[in-house]
Every structure is written in C-alpha cells, then in structure tokens.
2 protein chains.
Amino acid sequence: MFSQSEENYLKAIFHLTTAEKNGISTNAIAEKLATKPSSVTDMIRKLSDKKVVSYKKYYGVALTNSGRKIAAYIVRKHRLWEVFLVDKLDFSWDEVHDVAEQLEHIQSPKLIQQLDQFLGYPTQDPHGDPIPDKDGNLKTIEKCLLSTLAKNDSGIFVGVDDSSSDFLQFLDRRRITLGKQIKVIEKEDFDESMLIEINSQKMTISKKIANNLYIQKS
Amino acid sequence: MFSQSEENYLKAIFHLTTAEKNGISTNAIAEKLATKPSSVTDMIRKLSDKKVVSYKKYYGVALTNSGRKIAAYIVRKHRLWEVFLVDKLDFSWDEVHDVAEQLEHIQSPKLIQQLDQFLGYPTQDPHGDPIPDKDGNLKTIEKCLLSTLAKNDSGIFVGVDDSSSDFLQFLDRRRITLGKQIKVIEKEDFDESMLIEINSQKMTISKKIANNLYIQKS
DNA sequence: ATAAATATTTAGATTAGTCTAAAAAATGAT
DNA sequence: ATCATTTTTTAGACTAATCTAAATATTTAT
C-alpha cells in the first residue's frame with residue numbers, strides 16, 4: 001500500500017518520463033510537486049526501498065515495471081474521475097483537475113471497475129488525454145503540436161498540453177473545443193503567430209497558444 | 001480547514017451525541033475510532049483551540065455550533081456517496097461503508113452540490129439513515145426498535161442500528177429489505193426471540209436481530 | 001583543466017498524529 | 001469516608017513527511 005504522498009511522487013515521475021529521458025532529475029520532480037529537492041531525495045530513497053523506482057545517486061530516477069503499473073493506475077483513476085465530473089456532474093473541463101487530484105487516491109478496485117462501466121468505458125479524458133487500461137497500457141494517438149503544422153495543413157484538435165484553468169477558459173471563449181477541424185491559413189515568420197480557420201471562421205493565434213494545442217493531422 | 005483525522009474525530013463525536021448525553025467521554029471516542037484515550041485527549045485539545053468542540057478536563061467533550069455543522073456536512077457527504085454507490089454503481093448496501101469513509105473527506109462544495117442534484121436530492125442513505133441537508137439539519141423520522149414492539153404490532157422496516165457487513169448480508173439472505181411491512185406474531189419470553197411475518201411468510205428472529213431493526217409503527 | 005555555477009545529498013530540525021507508561025482525578029463499593 | 005477501580009491526562013518517544021542550511025558531486029564555461 002502506498003501513501004497519498006508516495007502516489008503523488010510516482011505519478012509525477014510517470015508524467016515526467018518520456019521516450020527520450022531515462023533518468024528523471026531530483027529538481028524536476030521537486031518542481032512538479034512544488035516541494036524541495038531534499039524532500040525528493042528522501043522520498044525517492046523510500047520508493048527505491050519499496051522497489052517501485054530504480055535510483056542511483058546523482059543520476060536520477062526511473063520507474064520499475066511495478067512502479068509504472070501503479071502510476072498508470074493512479075492516472076487511470078484521475079482521468080476516469082474527470083470524465084465522471086464532466087459527463088455526469090456538469091463540471092466544465094477547466095474545473096475538474098483539483099477534485100480529480102483528490103479522488104484519484106481513493107482505494108477501491110471495485111469502485112473504479114464500476115465507474116468505468118458506468119461511464120461506458122471511455123478511452124480519453126475531457127482534455128483529450130488517453131485513459132490507461134486496467135493493465136496500465138496507454139494507447140497514444142498520433143498527434144502533433146499545432147505550431148508544427150505548415151501553411152495549408154489541417155487536422156482535428158485532439159488535446160491540450162497546458163491544462164491550466166486560464167488556458168482552458170480561453171479556449172472556451174474562442175469556441176475551440178475538442179474534435180473541431182482546424183486549418184492553418186497563414187504563418188507569420190516574425191512572431192510565429194498563425195491565422196487559422198475553425199468553425200468556418202478565421203482567427204489569429206499566438207505562438208504560445210499554438211504550442212499548447214495538439215492536432216491529429218488529416 | 002480540517003485534516004482527515006480531525007474530521008473523523010468530529011464525526012465520531014457527532015455520532016456519539018444523543019439528546020440525553022451532554023459530555024462525550026474520552027474513552028467512548030477512543031473506542032469508536034479504535035485509538036487510545038491519550039490520543040483523544042491530544043486531539044480534543046486541538047479541536048477545542050479551533051473552537052469546534054467545548055471541552056472541560058475530565059468532563060468530556062461536546063460539539064459547538066460550528067463543530068456540529070462541520071460534522072453534519074461530513075455525514076451528509078458520506079451518505080450521499082453511499083447513495084451514489086448503490087444507485088449508480090450497483091454496490092450492495094453492505095459494501096459501501098469503507099469507500100464512503102474515504103470519499104467523505106473529498107473537499108469540493110461543488111462536487112457535493114452536483115452529486116446531490118445528480119442523485120435527485122435523496123433524503124436517506126441505503127441503510128435508511130437520514131441525509132443532513134446543506135445547513136446540517138437532520139430530519140429524523142419516528143422509529144423504534146423491533147424489539148420494543150408488542151405482539152400483533154406492525155410497521156415498516158426503515159433502518160438498521162448495526163450496519164456491519166455480516167448483519168446486512170444476513171438480512172439480504174432473509175429477504176428483509178428496507179420498506180417491507182413486518183408484523184409481530186409472537187414474542188417468546190424465555191429468550192426474547194420473536195416470530196414475525198414479512199413477505200407473507202413467518203420467520204423467527206433472535207433478540208439480537210430484533211435489537212438492530214428500526215420500525216416505523218403503523 | 002580548472003573555476004564557477006548548478007544540482008544533489010546529508011544533517012539536523014519541525015509538525016501532525018500516534019503510542020506506552022506513569023501520574024492524577026473521578027467514581028464506586030464497602 | 002476511605003480505599004480500590006476506572007477514567008483521564010501528562011510526559012516522553014516514535015514515524016512520516018516535510019523543511020533549511022551546509023556539504024558534496026556534477027556540469028558548464030572559459
């Protein structure tokens with residue numbers, strides 16, 4: 001059994017792990033969890049004793065197979081709860097994160113099994129992120145940042161990188177919602193802004209925005 | 001804000017408080033929470049500093065108005081979650097307690113507001129216990145223990161005193177479910193068992209069982 | 001290759017919540 | 001009313017999770 005704090009560390013490492021990076025740094029974890037590097041060292045040592053992370057002093061940390069499975073299950077729970085909040089309790093996609101952050105720690109396999117069924121076995125959360133299956137497998141879809149598209153490319157808006165409340169509310173105001181078709185009409189070299197077409201109308205989008213929108217090319 | 005532990009103490013005191021008793025004893029709280037009296041003394045002092053309980057050394061403890069309101073809200077959350085688990089996720093009434101015990105600590109007023117609406121503003125949990133309203137008011141119905149009924153009295157089964165899994169499963173096997181009509185056919189002086197009629201059939205019930213079933217007399 | 005900057009770890013302290021053992025207060029029995 | 005029993009509190013210790021400050025290792029820049 002793992003404490004909430006231990007679970008949060010596992011999840012943070014899971015999210016910081018990408019195909020490229022092998023050892024996750026103490027500082028990166030500390031920043032992600034808004035804690036101090038010294039606290040991270042302590043906790044990592046504890047998780048290492050429990051065989052859920054492998055750790056070599058000064059060389060960062062990585063999840064073991066069992067650690068990855070536990071982390072994926074926490075992410076699964078988090079995302080299922082987000083779907084519940086949006087689909088059943090009429091939360092908007094910018095309101096769900098903090099509550100799901102609490103709900104993900106509830107211990108009850110039956111609860112999650114039944115919730116999954118109740119929600120109709122969803123595969124993505126309200127931000128377009130994939131929901132790991134029971135075995136911790138994550139089916140990622142082919143997607144890229146809007147900023148990487150060339151003039152006249154188009155695709156479907158399938159996810160966000162930053163899911164802060166401010167950003168999500170901005171998207172709501174601009175009527176940029178998951179599943180919409182987006183076409184790049186013009187790219188401005190000077191500030192890297194773009195003119196895009198969505199909902200049959202054109203709008204200008206800054207580089208920062210384009211860097212936070214995932215597109216599935218068509 | 002109150003920690004999970006503080007919330008559990010408030011809830012325990014809330015449940016131990018009845019019309020008769022004014023000061024709840026340290027030992028009673030310790031037993032309810034499966035902890036030690038010395039731990040209770042420490043926590044009570046802390047809750048007293050926070051003005052949610054009134055406390056005089058050696059004379060027990062009582063909730064203040066604000067303490068009572070907080071405790072009632074935790075009970076409200078617990079019971080709403082129980083309804084959710086039974087009505088929406090197909091849990092049976094003997095499986096919900098431990099999960100609700102965790103869910104009651106989730107902090108999100110909107111979550112509870114929306115859940116309440118989603119469930120259709122229920123007034124009772126799956127065991128027949130009343131759900132406190134938003135202001136912490138508890139509407140108790142007129143009820144008495146089956147053991148207090150006389151021969152030929154009858155009424156509706158509206159709640160249980162003991163809601164342990166074992167007892168609830170026993171009731172399931174005997175087809176004794178909330179809302180059923182029960183009539184006392186015979187009372188046995190010797191062992192205080194009773195012969196009752198339910199579901200148009202007769203069955204014998206021990207004193208212990210009769211002491212755990214609440215009846216609304218008709 | 002060395003010095004400066006950065007990252008990480010260690011050492012020691014703190015807080016919340018708990019415990020055991022002993023002391024103190026209240027209660028109950030004669 | 002006194003003594004024994006029970007209840008409650010106090011004192012001191014422990015663990016998990018965190019922190020600050022100092023020490024050490026690694027990386028980067030010249």
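Everything numeric here is computed off the predicted structure, so don't read it as measured data. Just so we're on the same page: letters track the sequence lines, and every chain starts at 1.
- Contact annotation: the side chain of A:Ile209 approaches that of A:Phe167 to within less than 4.5 Å [non-hydrogen atoms, C-beta and beyond].
- Ion pairing between B:Lys139 and B:Asp133 fails under the 4.0 Å rule for side-chain N and carboxylate O.
- In this structure, the CG atom of B:Leu33 is 19 Å from the P atom of C:dA16, given to the nearest Å.
- For the pair B:Ser25 and A:Tyr59, both in contact range of DNA chain D, the more 5′-proximal nearest nucleotide belongs to B:Ser25.
- Contact between the side-chain N/O atoms of A:Asn27 and the OP1/OP2 oxygens of C:dT8 is found at a separation under 4.0 Å.
- Rounded to whole Å, atom P of C:dT9 lies 16 Å from atom NZ of A:Lys36.
- Between A:Asp42 atom CG and D:dA16 atom P the separation is 12 Å, expressed in whole Å.
- Between the P atom of D:dT15 and the CE atom of A:Met43 lies a distance of 16 Å, rounded to the nearest Å.
- Figure legend: cation-pi geometry between B:Lys88 and A:Phe118 absent, as NZ or CZ is not positioned both under 6.0 Å from the six-membered ring centre and within 45° of its axis.
- Checked for salt-bridge contact, A:Glu192 and A:Lys187 miss the test: no charged N lies under 4.0 Å from a carboxylate O.
- B:Arg45 has a side-chain polar atom (N or O) that falls below the 4.0 Å cut-off from OP1 or OP2 of D:dT10.
- Between the CD1 atom of B:Ile24 and the P atom of D:dT8 there is a distance of 11 Å, rounded to whole Å.
- Computed from coordinates, the A:Tyr55 OH to C:dT8 P distance equals 9 Å when rounded to whole Å.
- In this structure, A:Phe84 has its ring center under 6.0 Å from that of B:Phe84.
- For the pair A:Ser38 and A:Tyr58, both in contact range of DNA chain D, the more 5′-proximal nearest nucleotide belongs to A:Ser38.
- Nucleic acid contact for A:Thr26: sugar-phosphate only, since backbone atoms but no base atoms lie under 4.0 Å from a heavy atom of the residue.
- Rounded to whole Å, atom P of D:dT18 lies 11 Å from atom CD1 of A:Ile44.
- For the residue pair A:Asp94 and A:Ser92, a side-chain donor N or O sits within less than 3.5 Å of a side-chain acceptor on the partner.
- As a whole-Å value, the separation of B:Lys56 NZ from C:dA25 P is 14 Å.
- Listed pair B:Thr35 / C:dT18 fails the phosphate criterion, with no side-chain N or O lying under 4.0 Å from OP1 or OP2.
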Quiz prompt | B:Asp191 vs B:Ser193, side chain to side chain donor-acceptor pair (under 3.5 Å): CA-CA, chis, key distance, verdict | solution = CA-CA 5 Å; B:Asp191 62 356; B:Ser193 65; 2.8 Å; yes
Please enumerate all protein N or O atoms sitting under 3.5 Å from an N or O of nucleotides 3-5 of chain D, with distances to 0.1 Å.
none

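- Within 4.0 Å (heavy atoms only), B:Thr41 reaches at least one base atom of the nucleic acid.
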